[in-house]
Amino acid sequence: MHKKILSMLFTSLLVGLVLADDSKEVYPFEDVVQEERFLSLLNELRCPKCQGSNLSGSNAPIAIDLKREVYRLVKLGKTEKEVKNYLVDRYGNFIVYDPPFETDTYALWLAPLLLFLVAMSVILFRRFSDKQ
Amino acid sequence: MKKILNLLPLISFIVLVVVLYSFLTKENDQLESVLVDKSVPEFTLPDLENPEIKISKTSINKLPALINVWATWCVACKVEHPFLMQLKKESVLTVYGLNYKDNRSKAIKLLETDGNPFELSIFDKEGKLAIDLGVYGAPETFFVDKKGRIRERHVGVLTTKVWKEKFEKFLIEDSDA
């Protein structure tokens with residue numbers, strides 16, 4: 001019984017929270033492909049001000065402006081790549097979550113591989129020396 | 001050999017802590033501008049005080065100059081305002097104002113009461129030019145050299161210290177050439 005009341009309370013709280021979020025802007029599309037492109041771009045572009053979050057997860061003023069800009073570009077029929085390039089030309093590689101493989105991003109791309117190799121060699125070496 | 005190997009996790013843990021800690025304390029809110037060494041982007045926007053007057057890239061012609069992105073809603077902009085006034089008073093270099101997503105009458109009023117350090121004030125209501133400049137927060141300041149190229153960008157309050165460390169060298173370079 002207690003559990004039921006508790007879960008009901010919790011659900012109504014959640015519903016209230018969702019309803020209270022009036023910050024959502026509406027971006028209408030007639031083309032489903034464009035809408036999907038828009039939504040995936042918002043997930044793959046980083047908010048330059050808040051840094052830890054993507055455009056779709058941020059309501060910082062600059063994120064809202066950039067969403068509007070992405071919306072405008074997608075509506076114009078720009079491809080995903082064109083929109084990304086447009087923003088990289090202004091905000092740098094920082095704005096994309098998959099930066100290109102360039103001199104200043106070598107460390108970023110190679111570090112995981114390097115760590116993996118180090119870890120593997122340690123494990124293998126241990127196994128080998130345990131057997132002896 | 002075995003001993004060193006057993007210590008390896010500890011050693012790598014310490015290295016990791018040191019590396020991560022150094023990133024934590026580093027000032028990381030400064031994104032490097034991709035516009036460095038590029039020309040000021042093309043634009044056409046109204047003048048702040050006289051909406052009928054259109055300002056474009058060619059209006060920014062008293063070079064070298066600073067372009068200062070500001071707004072009345074930006075508290076840090078108030079902090080750097082006296083420094084901009086000082087640049088004007090001492091005729092160090094021209095400063096162009098980019099009024100960013102602001103209320104026109106409030107902005108005009110502030111310049112009347114606190115003083116106007118700007119040669120021209122561009123009124124960018126929607127933040128169009130700001131996006132082309134890669135602006136992500138006010139205040140931001142750009143140095144434009146004699147040839148109209150952007151050489152440096154600073155995000156945050158412009159102080160004497162920032163001026164000396166980041167901008168002054170470009171002014172000296174321009175007057176030498």
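Numbered from 1 within each chain, the chains take letters A, B, ... in sequence-line order. Values in this document were obtained by computation on a predicted structure and should not be read as measured data.
Heavy atoms closer than 4.5 Å to chain A are found in both the backbone and the side chain of B/I131.
For chain B, the option among A/A119, A/G92, A/A63 with the highest count of heavy-atom pairs below 4.5 Å is A/G92.
At a threshold of 4.5 Å between side-chain heavy atoms, the hydrophobic network of Ile, Leu, Val, Met, Phe, Trp and Tyr places B/L158 and B/V155 in two separate groups. The same ILVMFWY cluster, assembled from side-chain heavy atoms under 4.5 Å apart, contains both B/I122 and B/L35. In the hydrophobic clustering of this structure, B/L63 groups with B/L133; members are Ile, Leu, Val, Met, Phe, Trp, Tyr whose side-chain heavy atoms approach within less than 4.5 Å, directly or through other members. Residues B/V157 and B/V162 are members of separate hydrophobic clusters, defined by side-chain heavy-atom contacts under 4.5 angstrom among Ile, Leu, Val, Met, Phe, Trp and Tyr. Side-chain heavy atoms closer than 4.5 Å link hydrophobic residues (I, L, V, M, F, W, Y) into clusters, and following such links, possibly through other members, connects A/L66 to A/V88.
Using a distance-only test at 3.5 Å, with no hydrogens or angles considered, a donor-acceptor pair links the side chain of A/Y91 to the main chain of B/V135.
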What pairs of donor and acceptor atoms, side-chain ones from residues 41-51 of chain B against any protein atom, are under 3.5 angstrom apart with sequence neighbours left out?
{"residue": "B/D47", "atom": "OD2", "partner": "B/E49", "partner atom": "N", "Å": "2.9"}
{"residue": "B/D47", "atom": "OD2", "partner": "B/N50", "partner atom": "N", "Å": "2.9"}
{"residue": "B/E49", "atom": "OE2", "partner": "B/N116", "partner atom": "ND2", "Å": "3.3"}

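At a heavy-atom cut-off of under 4.5 Å, chain A is reached by B/Y100, B/K101 from residues 83-109 of chain B, listed in order of number.
Around CD of B/E32, the count of heavy atoms belonging to other residues, nucleotides or ligands within 6.0 Å does not exceed 12. Counting non-hydrogen atoms of other residues, nucleotides and ligands closer than 6.0 Å to NZ of A/K78 gives a total of 12 or fewer.
Between B/N6 and A/R126, the closest side-chain pair of non-hydrogen atoms falls below 4.5 Å.
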